[in-house]
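Small disclaimer: the values here were computed from a predicted structure and weren't measured.
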Amino acid sequence: MSASKRGKWSSSFKFVLAAAGSAIGLGNIWRFPYTAGMNGGAVFLFIYLLAVLFLGLPVMYEELSLGRHTQKNPVGAFETIKPRSGWKLVGFLGVLTGICILSYYAVVAGWTVYYIFLSLTGKFSSGLDANTAKAIFESMGSNPWINLIFLALFIGITAYVVSRGVEKGIEKWTSVLMPLLFLILVILAVRALTLPGASKGLSFYLKPDFSKINFQVILMALGQAFFSLSLGMGAMITYGSYLRKEENLLKAGAEVVVFDTLIAFLAGIVIFPTVFSFGLSPSAGPSLVFQTLPFTFSKLPFGSLVATLFFFLLAIAALTSTISLVEVAVAYLVDEHRINRKLAAWVVAGVAFLLGVPSALSGSVNLFKKLPAIGKDFLSLMDFIWGNISLALGALLLTLFVAFVWKAENAAMEIRPDPAKPFLGEEAWKFLVKFIIPIVIALILLNALL
Ligand code: PHE
């Protein structure tokens, strides 16, 4: 298909918004705080920030440059550079990973929509206590119908937006609402920091106890860095493929990484002081944010209103992420199999819905609540396999491909804003891509799997 028919971002600003829309989502506000809470708080934050800087940012440039250079979906991108080789399997792994992440991500996204309704009915107004917040979450979790209906609703909305195409669908949503989400987080952070007992939460989050470092913490921080930046499954290859040649990829990539990390960091500033002030445990797991934030809202003037707006914006942030999860598979079907975009979007959504059913029943059906021999619920298991291991593996294979098949020198030419001049940090980037990143990811993955 010709490049023009695939669609293009109308400007670099719009691209940054869409890519940031993919990156910023439940990963920042739901997954980051609870994973940090379960893995030592400040130590986790410390390793996470290192992972973002030394692995996330360079891998972001690998994906964007590969996408823009080939103007293709992940499968087509590998195929273009190394035709008829096994490398396109890495692209397939990305397509599969996107669908599998979507399946459980949309369950949690459904919770945020349900919480909009709860906020509207004034559930989170002043006087809310810890037990009530917990009971509210648990009664939602144990209700199979609520979970299934909101999963279907969320996947349906995603498919509808993707079916309408890149420019009309994706760009419109992100440009207004992401800055608003940021603003609300700042307001919540101010409130959280002035709660009684906030300092205990802050020191849990910001004062690292390095004796708590172990491989588990490192693995989770690494996985979180890739997950949060939407890396390791080709989302940024796909988004990069819609980027025009004249845009500054270097700057756009850095902006996405900075916005995303800032939002996650802010979420922690809201959550941890509230957790300690509320008397909750920071290691509560996936329910953490849903049990904690209602308390922050209940301590604000016009709490129900703020809560409604917040969960609405969080749902939109999740939507711009689910859009990118679907978009990878859709771009593949449209480019490589000439399937019509509408049909492709609905087929992918249908498959993700079916795969999402056991995750949606993770709080209600005993088998999925605690899988035999594994001891985790189905949703957490999916998140670990696809959101951690598969993204890290994808990033490792992509890095080997860029470094040694496409060659770091060629990729660097694509990243350079001015072809005649090396970009700032080009040598460091090549060194990281050729040596440090493959070795570090491989060691961490081996340790996790052996
Ligand atoms: N980055 C998204 C988030 O933080 C999730 C995501 C992962 C989206 C991988 C696309 C690809 O919510």
Side-chain angles (χ1 to χ4, degrees), residues 1-10 14-15 18-19 21-22 25 67 70-80 88-107 109-110 113 148-174 230 233-243 315-316 318-360 382 386 390 394:
M1 185 174 279
S2 77
S4 62
K5 273 217 201 103
R6 295 183 76 247
K8 280 265 152 28
W9 306 111
S10 50
K14 293 254 177 82
F15 163 81
S22 166
T70 57
Q71 307 276 302
K72 286 272 167 60
N73 67 89
V75 178
F78 285 98
E79 183 67 11
T80 302
K88 67 166 173 291
L89 291 177
V90 184
F92 278 118
L93 178 68
V95 172
L96 178 70
T97 304
I99 296 176
C100 289
I101 292 181
L102 175 66
S103 76
Y104 67 85
Y105 193 96
V107 172
V113 178
L148 287 172
I149 289 169
F150 282 91
L151 166 67
L153 179 76
F154 208 90
I155 290 198
I157 295 172
T158 307
Y160 173 73
V161 178
V162 173
S163 70
R164 300 189 49 202
V166 185
E167 291 187 343
K168 272 179 280 155
I170 302 176
E171 285 184 357
K172 227 169 56 189
W173 288 102
T174 24
S230 304
M233 46 77 67
M236 292 301 167
I237 299 180
T238 310
Y239 276 21
S241 76
Y242 303 131
L243 199 53
I316 298 291
L319 180 63
T320 52
S321 300
T322 54
I323 286 170
S324 70
L325 289 163
V326 172
E327 182 62 28
V328 173
V330 167
Y332 161 68
L333 292 170
V334 171
D335 286 354
E336 309 292 316
H337 296 284
R338 311 267 140 128
I339 293 180
N340 144 319
R341 172 170 269 275
K342 246 199 187 98
L343 178 68
W346 287 102
V347 168
V348 171
V351 173
F353 173 77
L354 293 177
L355 279 172
V357 168
S359 293
M382 289 292 276
W386 301 103
S390 182

In the structure I gave you, are the side-chain heavy atoms of [X] and [Y] within less than 4.5 Å of one another anywhere?
X      : Y      : value
Phe15  : Tyr239 : yes
Leu325 : Met233 : yes
Val90  : Pro74  : no
Thr238 : Ser324 : no

Restricting to non-hydrogen atoms, name the atom on [X] and the atom on [Y] that form the minimum distance, rounded to 0.1 Å.
X      : Y      : value
Ala344 : Val334 : CB-CG2, 4.5 Å
Val113 : Ala315 : CG2-CB, 4.2 Å
Ala159 : Ala349 : CB-CB, 3.6 Å
Ala331 : Tyr242 : CB-OH, 3.8 Å
Asn340 : Leu343 : OD1-N, 2.9 Å
Asn73  : Glu336 : ND2-OE2, 2.9 Å

Residues at least two apart in sequence or cross-chain that pass side-chain hydrogen bond (donor to acceptor under 3.5 Å, both in side chains) with Thr322, listed by chain then number, are Thr158

Ala109 meets the side-chain contact (heavy atoms from CB on, under 4.5 Å) criterion, sequence neighbours left out, with Leu26, Phe154, Ala318

With sequence neighbours left out, the residues meeting side-chain contact (heavy atoms from CB on, under 4.5 Å) with Ala329 are Val95, Ile99, Val348

Rounded to the nearest 0.5 angstrom, the CG-CD distance for Leu243 and Gln71 is 8.5 Å

Rounded to the nearest 0.5 Å, the CG atom of Leu89 sits from the CD atom of Glu79 at a distance of 10.0 Å

Keeping [X] on the side-chain end and [Y] on the backbone end, is there a donor-acceptor pair under 3.5 Å?
X      : Y      : result
Ser321 : Ser22  : yes
Arg341 : Val162 : yes
Ser359 : Tyr104 : no

Applied to residues 325-354, the ring-ring contact (aromatic ring centres under 6.0 Å, His included) test, sequence neighbours excluded, yields Phe92-Tyr332, Tyr332-His337

Practice prompt. I would like to know whether Leu355 and Cys100 meet side chain to side chain contact (heavy atoms under 4.5 Å, CB included); could you show each step before the answer?
Written response: CA-CA 7 Å; Leu355 279 172; Cys100 289; 4.3 Å; yes

In short, side chain to side chain donor-acceptor pair (under 3.5 Å) pairs touching residues 90-101 with sequence neighbours left out are Thr97-Ser390

Applying ring-ring contact (aromatic ring centres under 6.0 Å, His included) to Phe78 and not counting sequence neighbours gives Phe401

